[in-house]
Amino acid sequence: MGFIKMAEDAATKNPAKAVETKGSPASGAPLSMNPTAAELAAMAAAAAAPAPAPSAPPPTGTTAPTVTAPPPSTHVTGAPVKRIGDRLVERGLISADQLQVALHEKSKSHLLLGEILVDLKFITPEVLSEFLSETTGLQLFDPKKTMIDPEALDLVTKKDAQKYQFLPISLDREKNRAIIAMTDPYDVVALDRLKQLLPKGCAVVPQVCPPAVMQDIIHKVYGVSTSIDGILKELAGDKAAAKKNIDNLSSEEAYSHPLVRLVNALIFESLKMGASDLHFEPEENFIRIRYRIDGDMQTVHTLHKEYWNGICQRLKILAEMNIADKLAPQDGRFNLNMGGRDADFRVSCLPTVNGENIVLRVLDKSASIVPLERLGFSDHNMYLIKKAQARPEGIIIVTGPTGSGKTTTLYSMLNDVNTIDVNIQTLEDPVEYNLGLIRQTHVKDGGAFTFGEGIKALLRQDPDIIFIGEVRDSITAEQALKAAMTGHQVYTSLHTNDCFGAIPRLVDLGIKPAMLAGAIIATLAQRLVRKLCQKCKVAKTATPDECKLLAIGPDGNPIDYTNPPTLYHPGGCPECNNAGYKGRIACVEILYLDEELDDMIATGAMKSQLKPIARKKGFRNMLDDGILKIYQGTTSLDAAVKILNFSDRM
């Protein structure tokens with residue numbers, strides 16, 4: 001119970017400082033596995049102090065342990081500090097009479113107040129852990145909403161987990177960081193044991209777990225297999241389990257049933273592999289499971305058809321669909337914490353001749369917003385983006401098909417202008433990332449609160465910048481245009497093939513060309529191409545066919561067939577799982593609208609009329625941007641040909 005004592009002391013002496021002491025498990029960084037037990041104990045003692053005095057730097061070769069936690073709450077200097085019991089009463093967790101009884105018992109016992117309250121059954125261990133989690137700033141572990149990483153679980157035996165009361169939740173080998181549920185995150189003996197079990201130098205991010213919950217979850221996870229291969233072997237030996245209806249499982253069975261664990265393991269695997277979509281495709285005699293990774297579909301598993309009924313039921317239960325309806329298309333969504341990473345899943349179920357085809361769209365909410373400068377824009381395009389953002393009013397439109405990175409680009413652009421002196425408000429379906437300072441509103445498709453109604457409401461909130469997730473209908477288009485014409489900067493997206501297509505699309509939605517002139521700042525279109533792995537890419541001289549496709553050399557002049565340029569091709573190494581590619585990058589075209597182009601739009605000019613004028617003003621299309629990235633070695637010609645339109649050069 002050392003953690004309870006430390007948390008109580010910290011909360012009693014100074015609740016604000018309890019979560020901000022550098023070197024404590026609430027200081028905002030992972031706990032290094034290098035320090036000794038003595039150093040950890042010293043740092044833990046420092047965490048409970050009201051205000052640590054300046055001290056000499058740690059000895060050479062040691063690392064002060066720190067732990068990820070939310071920022072501390074504000075503490076008013078000079079305000080009376082409330083004891084833990086008073087704060088529990090204030091929150092309504094216990095009554096004043098119960099506190100007096102507990103204090104009377106404490107006067108006769110060596111136990112801590114929190115332990116006494118639990119022994120008297122005034123509060124549960126779970127409530128106490130949650131309260132102490134808030135006090136220290138550490139996250140509370142919730143096994144019902146968390147999927148545990150099988151790879152991390154393999155590092156710790158059940159015996160060690162029971163003895164030291166910890167449980168590995170996830171292991172990120174790339175960042176060399178592990179999330180560990182612990183009943184006492186300050187237990188230096190447990191931390192020393194983790195140092196021996198985890199990879200060298202691995203940082204620990206602890207989460208608080210009540211002892212009763214810890215015992216229960218250890219029993220569950222170590223009693224069954226959590227790896228995909230292990231679960232499939234288990235199913236092969238238990239034919240009845242594969243055919244069992246999982247709609248009415250008990251809470252114990254809901255965790256331990258092999259089909260439930262199989263679905264969990266598949267979802268977890270897809271997230272670790274960086275998949276954007278999961279496809280469950282039933283065929284006549286088998287199930288094909290494919291993940292979309294970096295834009296390409298990859299078959300990762302092929303399962304027997306007898307498992308499909310249970311897998312399908314489990315997915316539909318998670319997405320809150322009607323499991324009895326197998327003839328109509330259905331849509332749903334669910335969210336999970338997967339090894340400390342929050343992820344949302346949008347689910348689509350479509351009947352086919354071989355059964356219901358289910359696709360999950362993955363949104364990893366733990367992914368941070370990428371700064372605009374790191375999105376891979378060329379200097380030319382970055383200049384145009386900054387120029388567009390400098391205009392105080394008008395619409396900036398990002399176009400492209402589903403999955404082309406529009407939302408990522410828009411969030412990065414918003415984050416770039418997000419400062420304390422502007423009011424930014426958004427309407428989104430759904431809210432994909434939470435942004436500080438920005439007021440974000442979820443608009444449910446088909447609900448009473450629409451984008452059009454939302455824009456009217458936002459305009460009464462005194463915004464400087466408005467973000468509309470997507471212009472889908474004439475009402476939204478009209479309201480967005482009104483917002484731009486009344487002095488607001490508006491960001492939004494459209495589904496069109498290129499940046500010129502935004503103009504006729506808005507006209508098709510009922511906006512007059514004369515109204516568009518002057519209201520649109522710029523339109524941006526993009527596609528995502530696969531990035532070459534920079535550690536294993538291979539340089540080769542371009543072939544005549546490749547030169548024909550490129551047409552333009554690295555210097556911007558027509559390509560010289562007698563002196564072909566050097567191109568880069570995928571290799572293969574452990575860093576990229578021997579794929580030769582790692583990640584994706586946007587190929588972009590930006591049409592910045594000046595007065596001349598506005599006048600042409602007002603007269604109803606078509607794309608064929610706008611494009612030559614834009615070219616004279618320096619416009620570069622997506623193909624130009626893609627070829628630039630090919631010569632830079634960022635992507636390959638093969639990858640670009642799959643995404644960009646090279647048909648005119650073939």
- request: Can you sort out the partners of F345 under ring-ring contact (aromatic ring centres under 6.0 Å, His included), two or more places apart, ordered by chain and number?
  value: F334
Who are the salt bridge (charged side-chain N to carboxylate O under 4.0 Å, His left out) partners of [X], not counting sequence neighbours?
X: R288; result: E281, E283
X: D172; result: none
X: K537; result: none
X: K531; result: none

State, yes or no, whether a side-chain contact exists between [X] and [Y] at a heavy-atom distance under 4.5 Å.
X: Y164; Y: D187; result: no
X: I217; Y: P143; result: yes
X: L93; Y: L117; result: no
X: P199; Y: L155; result: yes
X: R314; Y: N264; result: yes
X: I358; Y: V347; result: yes
X: T407; Y: Y411; result: yes
X: L197; Y: R193; result: yes

task: Would you check, one step at a time, whether the test side chain to side chain contact (heavy atoms under 4.5 Å, CB included) holds for Y291 with D277?
output: CA-CA 6 Å; Y291 301 159; D277 302 85; over 6 Å; no
- prompt: For V221 and L167, what are the C-alpha separation, side-chain angles and deciding distance, and is it a side chain to side chain contact (heavy atoms under 4.5 Å, CB included)?
  reply: CA-CA 10 Å; V221 300; L167 183 73; 3.9 Å; yes
Between [X] and [Y], is there a donor-acceptor pair closer than 3.5 Å when you use the side chain of the first and the backbone of the second?
X: E575; Y: K535; value: no
X: S107; Y: H104; value: yes
X: D294; Y: G583; value: yes
X: K163; Y: A190; value: no
X: T146; Y: D142; value: yes
X: Y222; Y: K159; value: no
X: Q165; Y: Q162; value: yes
X: Q100; Y: D97; value: no
X: R173; Y: N176; value: no
X: N577; Y: A579; value: no

query: Hey, is NZ on K305 packed in by over 12 heavy atoms from elsewhere, all under 6.0 Å?
result: yes
- request: Please check if atom NZ in K158 has more than 12 non-hydrogen atoms from other residues, nucleotides or ligands closer than 6.0 Å.
  value: yes
query: Where do M182 and L191 land on the side chain to side chain contact (heavy atoms under 4.5 Å, CB included) test, with the steps shown first?
result: CA-CA 10 Å; M182 305 179 71; L191 290 169; 4.0 Å; yes
Taking all non-hydrogen atoms of both residues into account, name the closest pair between [X] and [Y] and its distance.
X: D342; Y: D364; value: O-OD1, 3.5 Å
X: A265; Y: I228; value: CB-CG1, 3.6 Å
X: D296; Y: R530; value: OD2-NH1, 2.8 Å
X: L528; Y: G403; value: CD1-O, 3.6 Å
X: Q440; Y: N434; value: OE1-CA, 3.4 Å
X: M214; Y: C209; value: N-SG, 3.6 Å

Residues [X] and [Y] bridged, charged N to O under 4.0 Å:
X: E356; Y: K316; result: yes
X: K220; Y: D216; result: yes
X: R346; Y: D331; result: no
X: R333; Y: D344; result: no

message: Assess the residue pair F286 and W308 against the criterion (side chain to side chain contact (heavy atoms under 4.5 Å, CB included)); give the C-alpha distance rounded to whole Å, side-chain angles, the decisive distance to 0.1 Å, and a yes or no.
response: CA-CA 8 Å; F286 63 91; W308 179 233; over 6 Å; no
- prompt: So how far is it from Q207 CD to I180 CD1, rounded to the nearest 0.5 Å?
  reply: 9.5 Å
message: Would you compute the distance between atom NE2 of H257 and atom CD1 of I231 and round it to the nearest 0.5 angstrom?
response: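 H257 atom NE2 to I231 atom CD1 measures 11.5 Å (nearest 0.5 Å).
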task: Please list, chain by chain and in numerical order, all residues satisfying side chain to side chain contact (heavy atoms under 4.5 Å, CB included) with P574, sequence neighbours excluded.
output: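 Residues passing side chain to side chain contact (heavy atoms under 4.5 Å, CB included) with P574: none at all.
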